[in-house]
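So the structure is just underneath, and the comments pick up after that.
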Amino acid sequence: MAWNNQSFVTEFILMGLSSSWELQIFYFLFFSVVYTATVLGNLFIVLTVILEPRLHSPMYFLLGNLSFIDMSLASFATPKMIADFLSEYKAISFEGCITQIFFLHLLGGAEIVLLISMSFDRYVAICKPLRYLIIMNRKMCIGLVVLSWIVGIFHAMSQLAFTVNLPFCGSNQVDSFFCDLPLVIKLACVDTYILGVFMISTSGMIALVCFILLVISYTIILVTVRQRSSGGSSKALSTCSAHFTVVTLFFGPCIFIYVWPFTNFPIDKVLSVFYTIFTPLLNPVIYTLRNKDVKESMKKLSSHIFKSSKTEHNP
């Protein structure tokens, strides 16, 4: 092979979001606040769903799991990105790079299945309300969550099956703030066209097809809701609109990046920031601001925590 006499890459250099020192300081402060808010917001939702009895229903069970995935999705690369803003040498080992790719696709695949599960939950609740608790029983809910993680694991392994054995012996500069598969495979010393096609079929097209199916699903739900005029239907419409907003925010950037992996658009970095950092932050904001039950439960839990803390400090 032509690359046998060349030195292999053992680490990658992450180019980050900007080379300007002033901008990097601003990004450090900005993303530190955003990341903290994302983790605390999603963690609070998880705790609220677990501790508040009124939220022990299928929809909120799935919402709690979505918040856990979002919290993890925001954490696989963001802490290193924040630390790199204060470092001149933004390097990541080959193993660390592969780990980032694995967790990105693990969590992305799991979130796709979970969003589909939440769509199915709303479909059953609105279109088959009398059979809702029978269909969406505890076993079904746990099964959907387990399925989401299984699909995520298999999806991540399929993406790495060929990538880990690629020879990297040339440039080691990744034009992003984390190791994203379309950018990393371009650095290989072999023709990666077939691998790119495989990535389109497994990541890009799956995301596109799932998004279309979700749009169809929520369209059916919307038609059903519009045929009713009760307060419950209004609440269902509000919930579904929040779900659809989250679906659009998550799938939009993923489809754009993974359906065209052979090209590198300047907006790719913006989209990467959006679906790995901002979407996990927007999810709890969207769900809490649009859901009265969650807001009331979070206020109740906050009040309880505040009173407990006050009692401990004032015996």
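For clarity, every value in this text was computed on a predicted model and none was experimentally measured.
Ring geometry, F31 versus Y27: the interplanar angle falls from 30° to 60°, so the pair is classed tilted.
Sorted by first and then second residue, the salt bridge (charged side-chain N to carboxylate O under 4.0 Å, His left out) pairs involving residues 44-63 (not counting sequence neighbours) are E52-K300, R54-D293, R54-E296. Pairs engaging residues 55-94 under the disulfide (SG to SG under 2.5 Å) rule: none recorded [sequence neighbours left out]. Listed by first and then second residue, the side chain to side chain donor-acceptor pair (under 3.5 Å) pairs involving residues 93-104 amount to none (not counting sequence neighbours). The disulfide (SG to SG under 2.5 Å) pairs that include a residue from residues 44-104 are C97-C179, where partners are two or more places apart or lie in different chains.
Between L86 and F28 the shortest heavy-atom distance is CD1-CE1, 3.5 Å. Here the shortest heavy-atom pairing between L114 and S148 reads N-CB, 4.1 Å. S176 approaches L183 most closely through the heavy-atom pair CB-CD1, 3.5 Å. Between T276 and T78, the closest heavy-atom pair is O-OG1, 4.3 Å. Closest heavy-atom contact between S117 and L62: O-CD1, 3.9 Å. Residues F12 and V184 come closest through the heavy atom pair CZ-CG1, 4.4 Å.
Residues meeting the side chain to side chain contact (heavy atoms under 4.5 Å, CB included) test with I116, sequence neighbours left out: I112, C210, L214. Applying the side chain to side chain contact (heavy atoms under 4.5 Å, CB included) criterion to L43, with sequence neighbours excluded, gives L47, M71. Taking the salt bridge (charged side-chain N to carboxylate O under 4.0 Å, His left out) definition, one finds that K90 meets it with nothing, sequence neighbours left out. By the ring pair (Phe, Tyr, Trp, His ring centres under 6.0 Å) test, H105 pairs with H155, Y258, sequence neighbours left out. Every residue meeting the side chain to side chain donor-acceptor pair (under 3.5 Å) condition with D84, not counting sequence neighbours, appears here in chain and number order: K80. With sequence neighbours left out, the ring pair (Phe, Tyr, Trp, His ring centres under 6.0 Å) criterion links Y35 to no other residue. With sequence neighbours excluded, the residues forming a ring pair (Phe, Tyr, Trp, His ring centres under 6.0 Å) with F76 are F178, listed by chain and number.
Put simply, the side chain of W149 reaches to within 4.5 Å of the side chain of L107, judged on heavy atoms. Put simply, the side chain of V174 does not reach to within 4.5 Å of the side chain of I13, judged on heavy atoms. A heavy-atom distance below 4.5 Å is not found between the side chains of S67 and N283. For the pair E111/L66, a side-chain contact is recorded, criterion being any heavy-atom separation below 4.5 Å from C-beta on. Using a 4.5 Å heavy-atom threshold, the side chains of I277 and M81 count as touching.
By the rule that hydrophobic residues join a cluster once side-chain heavy atoms approach within less than 4.5 Å of another member, V151 and L73 end up as members of separate clusters. Cluster membership for L17 and Y89, using ILVMFWY side-chain heavy atoms within less than 4.5 angstrom, is not shared. Under the 4.5 Å side-chain heavy-atom criterion for Ile, Leu, Val, Met, Phe, Trp and Tyr, V145 and F154 are members of the same hydrophobic cluster. Y123 and F61 fall within the same hydrophobic cluster, defined by Ile, Leu, Val, Met, Phe, Trp and Tyr side-chain heavy atoms under 4.5 Å apart, directly or through other members. Tracing side-chain contacts under 4.5 Å through hydrophobic residues (I, L, V, M, F, W, Y), one reaches F103 starting from I69; they form part of the same cluster.
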Let's go through D180 and I101 carefully: what are the C-alpha distance in whole Å and the side-chain angles of both, what is the deciding distance for side-chain contact (heavy atoms from CB on, under 4.5 Å) to 0.1 Å, and is it a yes or a no? CA-CA 6 Å; D180 200 358; I101 294 174; over 6 Å; no
Give the C-alpha distance, both sets of side-chain angles, the deciding distance and a yes or no for side-chain contact (heavy atoms from CB on, under 4.5 Å) between L29 and V33. CA-CA 6 Å; L29 297 174; V33 173; 5.8 Å; no
Working note: L187 + F168, criterion side-chain contact (heavy atoms from CB on, under 4.5 Å); need CA distance, chi angles, decisive distance, verdict. CA-CA 6 Å; L187 304 179; F168 294 94; 4.1 Å; yes
Assess whether side-chain contact (heavy atoms from CB on, under 4.5 Å) is satisfied between E11 and I92, documenting all intermediate values. CA-CA 6 Å; E11 66 178 15; I92 184 172; over 6 Å; no
Could you list the donor-acceptor pairs under 3.5 angstrom formed by side chains in residues 132-143, with sequence neighbours left out?
from	atom 1	to	atom 2	distance (Å)
Y132	OH	D121	OD1	2.5
Y132	OH	R122	NH2	3.4
N137	OD1	K139	N	3.1
N137	OD1	M140	N	2.8
N137	ND2	I134	O	2.9

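Atom CH2 of residue W21 and atom CG of residue L23 lie 12.0 Å apart, to the nearest 0.5 angstrom. Atom CZ of residue F120 and atom CD1 of residue I221 lie 10.5 Å apart, to the nearest 0.5 angstrom. Note that the CD atom of Q173 and the CG atom of L14 stand 10.5 Å from one another [nearest 0.5 Å].
Checking side-chain atoms of T163 against main-chain N and O of Q159 turns up a donor-acceptor pair under 3.5 Å. No donor-acceptor distance shorter than 3.5 angstrom exists from the side chain of D70 to the backbone of L281, with no hydrogens or angles considered. Using a distance-only test at 3.5 Å, with no hydrogens or angles considered, a donor-acceptor pair links the side chain of T219 to the main chain of V215. Between the T279 side chain and the F274 main chain, a donor and an acceptor come within less than 3.5 Å of each other.
Crowding of F68 atom CZ: a count of heavy atoms from other residues, nucleotides or ligands under 6.0 Å not exceeding 12.
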